[in-house]
Amino acid sequence: SASAPTSINTDLFDRLSVDFNSTIRELNFETYSCTNIRGSGQLKGNALRIAPVEATVNGSTLTGNVTFENILDFSLDTFPLRGIVKFESTMTDLDKLMGTGGQIAASSNGSFALPSGFDLDIRGRANKVIYSPLQLNEVLLSSKLSGQRFIMEKITAKAAGGQMTLQGLFETPPGQSPVFDLKYDINRLEFKKAFESFSTLSVIAPLFRYIEGFFNSSLIFQGKLAPSGLPDFNSLSVNGLIETLEGSIKGFEPLKRIAEKTGLREIGNLNIANSRNWFNIDQGIVQVKEFDKKIGDIRLEVEGTHRI
């Protein structure tokens with residue numbers, strides 16, 4: 001029967017301490033191209049520390065420091081590599097990190113996969129992160145990479161004129177589609193900028209294009225990722241609340257026609273400020289839960305569904 005892996009006896013190496021400065025022009029690992037790698041550090045026993053280190057990964061330049069606790073064990077394929085990675089970046093282009101033009105990069109078996117064999121704490125900050133058409137600014141990241149699971153303990157960023165916080169996980173099970181389970185808390189995003197910035201919103205909430213104003217939201221996204229980088233909408237499950245701080249729907253043709261037929265001009269330029277709307281998405285169907293809206297002396301009960 002197979003025996004459990006045995007850690008290297010570092011007593012043989014504890015008296016050996018190697019300080020180094022290193023430059024690597026190019027290093028390729030699966031779908032990642034690393035160039036202009038420069039660093040200095042120390043190898044002692046089973047531990048490797050590199051500080052500082054700088055590298056360009058698929059076009060994005062990162063600086064920081066790394067500490068690996070068991071580099072010798074990892075080199076013999078007996079244990080996952082444990083450690084801490086801290087980085088900073090002026091600009092990180094996820095389109096290039098994950099693929100070309102927002103497409104998900106494929107591993108050798110044809111499906112996207114996070115690298116295996118790692119058990120890392122990852123802490124980082126970036127002035128700008130691009131994942132077309134989304135641009136995030138002032139990004140702070142606290143996360144773990146473990147066994148093809150990327151666990152987002154907390155990510156904060158400015159986006160679409162507001163602030164957002166993200167928690168959850170992204171996982172790439174071997175031979176299966178990537179899956180995600182995410183919780184968003186959004187504060188004072190602008191409707192039209194959100195529509196332009198988040199590809200998913202343009203599909204599940206096309207009405208955002210016609211809303212002028214700002215909103216808060218808390219929502220949970222679960223599902224599978226398609227090769228395009230967008231969610232697989234047939235598997236998508238979403239539950240959430242949108243709180244409109246300021247807002248009016250302008251230029252939406254169905255409301256304009258209702259206003260003309262009823263003589264209620266307010267419907268054609270519908271004020272939705274200070275409204276709270278619950279919604280959910282299941283099996284490709286978006287449902288907006290019933291809410292009340294008063295126009296003059298008329299009280300309306302509004303709800304609806306549409307298929308993605």
Side-chain angles (χ1 to χ4, degrees), residues 129 131 133-140 152-168 180-223 230-231 233 236-256 258-259 264 266-282 284-308:
V129 174
Y131 186 47
L134 176 63
Q135 177 176 309
L136 303 174
N137 298 300
E138 299 181 25
V139 180
L140 294 176
M152 292 160 269
E153 297 172 335
K154 187 175 184 180
I155 300 175
T156 61
K158 291 185 177 179
Q163 183 78 26
M164 60 180 289
T165 300
L166 173 63
Q167 296 173 298
F180 56 87
D181 187 346
L182 306 173
K183 181 180 185 297
Y184 290 87
D185 287 305
I186 295 169
N187 183 47
R188 202 172 175 79
L189 263 64
E190 189 172 344
F191 279 101
K192 286 189 175 181
K193 285 185 178 180
F195 177 87
E196 295 165 356
S197 300
F198 294 90
S199 299
T200 303
L201 272 183
S202 64
V203 177
I204 67 176
L207 186 62
F208 275 33
R209 174 186 291 179
Y210 304 96
I211 303 178
E212 296 182 2
F214 300 86
F215 70 98
N216 296 338
S217 184
S218 180
L219 58 153
I220 295 174
F221 263 66
Q222 298 171 313
L230 289 173
F233 292 109
L236 183 63
S237 173
V238 182
N239 287 279
L241 168 70
I242 292 180
E243 178 185 13
T244 304
L245 305 175
E246 306 166 24
S248 59
I249 304 174
K250 297 181 178 180
F252 187 50
E253 194 61 33
L255 288 183
K256 289 170 63 176
I258 292 173
L264 296 171
E266 295 92 335
I267 293 180
N269 184 10
L270 188 61
N271 186 339
I272 57 172
N274 303 315
S275 64
R276 293 167 59 87
N277 308 116
W278 293 93
F279 71 98
N280 71 276
I281 302 173
D282 186 39
I285 297 177
V286 181
Q287 180 182 19
V288 179
K289 304 296 180 65
E290 182 179 303
F291 65 96
D292 295 338
K293 177 65 182 176
K294 192 172 183 180
I295 300 177
D297 295 329
I298 300 175
R299 178 175 170 273
L300 303 177
E301 293 181 353
V302 182
E303 63 179 326
T305 62
H306 74 269
R307 181 173 288 278
I308 297 174

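Keep in mind the model is a prediction, meaning the values are calculated, not measured. Heavy atoms only: backbone and side chains are in, while hydrogens, waters and symmetry mates are out.
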Check your understanding: Can you check whether Ile220 reaches Asp181 side chain to side chain, under 4.5 Å on heavy atoms?
Key -> yes

Check your understanding: For the residue pair Ala159 and Leu136, what are the closest heavy atoms and their distance?
Key -> CB-CD2, 3.5 Å

Review point. What is the minimum heavy-atom distance between Ala160 and Ala194, and which atoms define it?
Key: CB-N, 3.7 Å

Review point. From Ser248 OG over to Asn271 CG, what is the distance, rounded to the nearest 0.5 angstrom?
Key: 6.5 Å

**Study point:** Pairs satisfying salt bridge (charged side-chain N to carboxylate O under 4.0 Å, His left out), at least one member in residues 154-165, at least two apart
**Key:** Glu138-Lys158

Exercise for review: Please work out whether the ring planes of Phe208 and Phe215 are parallel, tilted or perpendicular, with thresholds of 30° and 60°.
Suggested key: perpendicular

Review point. For the atom pair CH2 (Trp278) and CG (Leu219), what is the distance rounded to the nearest 0.5 Å?
Key: 11.0 Å

Review point. Can you name the nearest heavy-atom pair linking Ala157 to Val139, along with the distance?
Key: CB-CG2, 3.8 Å

Check your understanding: Which value, rounded to the nearest 0.5 Å, describes the distance between Leu264 atom CG and Leu270 atom CG?
Key -> 10.5 Å

Exercise for review: Kindly indicate, with the supporting measurements, whether the criterion side chain to side chain contact (heavy atoms under 4.5 Å, CB included) is fulfilled by Phe180 and Leu236.
Suggested key: CA-CA 10 Å; Phe180 56 87; Leu236 183 63; 4.0 Å; yes

Point to revise | Under 3.5 Å: donor-acceptor pair, side chain of Glu243, backbone of Ser217 | key: no

Point to revise | His306 side, atom NE2; Ile285 side, atom CD1 - distance, nearest 0.5 Å | key: 10.0 Å

Point to revise | Non-hydrogen side-chain atoms of Lys289 and Gln287 separated by less than 4.5 Å | key: yes

Check your understanding: What's the spacing between Leu140 CG and Thr156 OG1 if we round to 0.5 Å?
Key -> 4.0 Å

Point to revise | Approximate separation, where rounding is to 0.5 Å, of Ile272 CD1 and Ile249 CD1 | key: 4.5 Å

Exercise for review: Mind jotting down which residue pairs meet the salt bridge (charged side-chain N to carboxylate O under 4.0 Å, His left out) criterion with at least one end in residues 199-215? Sequence neighbours excluded, please.
Suggested key: Lys192-Glu212, Glu212-Lys250

Practice item. Return the set of residues passing ring pair (Phe, Tyr, Trp, His ring centres under 6.0 Å) with Phe221 (not counting sequence neighbours), or none when no residue passes. Key: Tyr184

Check your understanding: Can a salt bridge be assigned to the pair Lys256 and Glu253 using a cut-off of 4.0 Å between side-chain N and carboxylate O?
Key -> yes

Exercise for review: List the steps, then state whether side chain to side chain contact (heavy atoms under 4.5 Å, CB included) holds for Ile204 with Phe233.
Suggested key: CA-CA 9 Å; Ile204 67 176; Phe233 292 109; 4.0 Å; yes

Check your understanding: Looking only at heavy atoms, what is the nearest atom pair of Phe198 and Met164, with distance?
Key -> CZ-SD, 4.0 Å

Review point. For Phe195, what residues pass the ring pair (Phe, Tyr, Trp, His ring centres under 6.0 Å) criterion, not counting sequence neighbours?
Key: none

**Study point:** Nearest non-hydrogen partners of Leu245 and Ala273, listed with the distance
**Key:** O-CB, 3.9 Å

Study note, to complete from the structure: Sorted by chain and residue number, the ring pair (Phe, Tyr, Trp, His ring centres under 6.0 Å) partners of Phe279 (sequence neighbours excluded) come out as none

**Study point:** Partner residues of Asp185 under the salt bridge (Lys or Arg N to Asp or Glu O under 4.0 Å) criterion, sequence neighbours left out
**Key:** Lys183

Check your understanding: Between Asp292 and Glu301, does a side chain to side chain contact (heavy atoms under 4.5 Å, CB included) hold up when you go through it step by step?
Key -> CA-CA 5 Å; Asp292 295 338; Glu301 293 181 353; 3.4 Å; yes

Revision key, fill the gap. Looking only at heavy atoms, the pair that brings Arg188 and Asn216 closest together is N-OD1, 2.7 Å

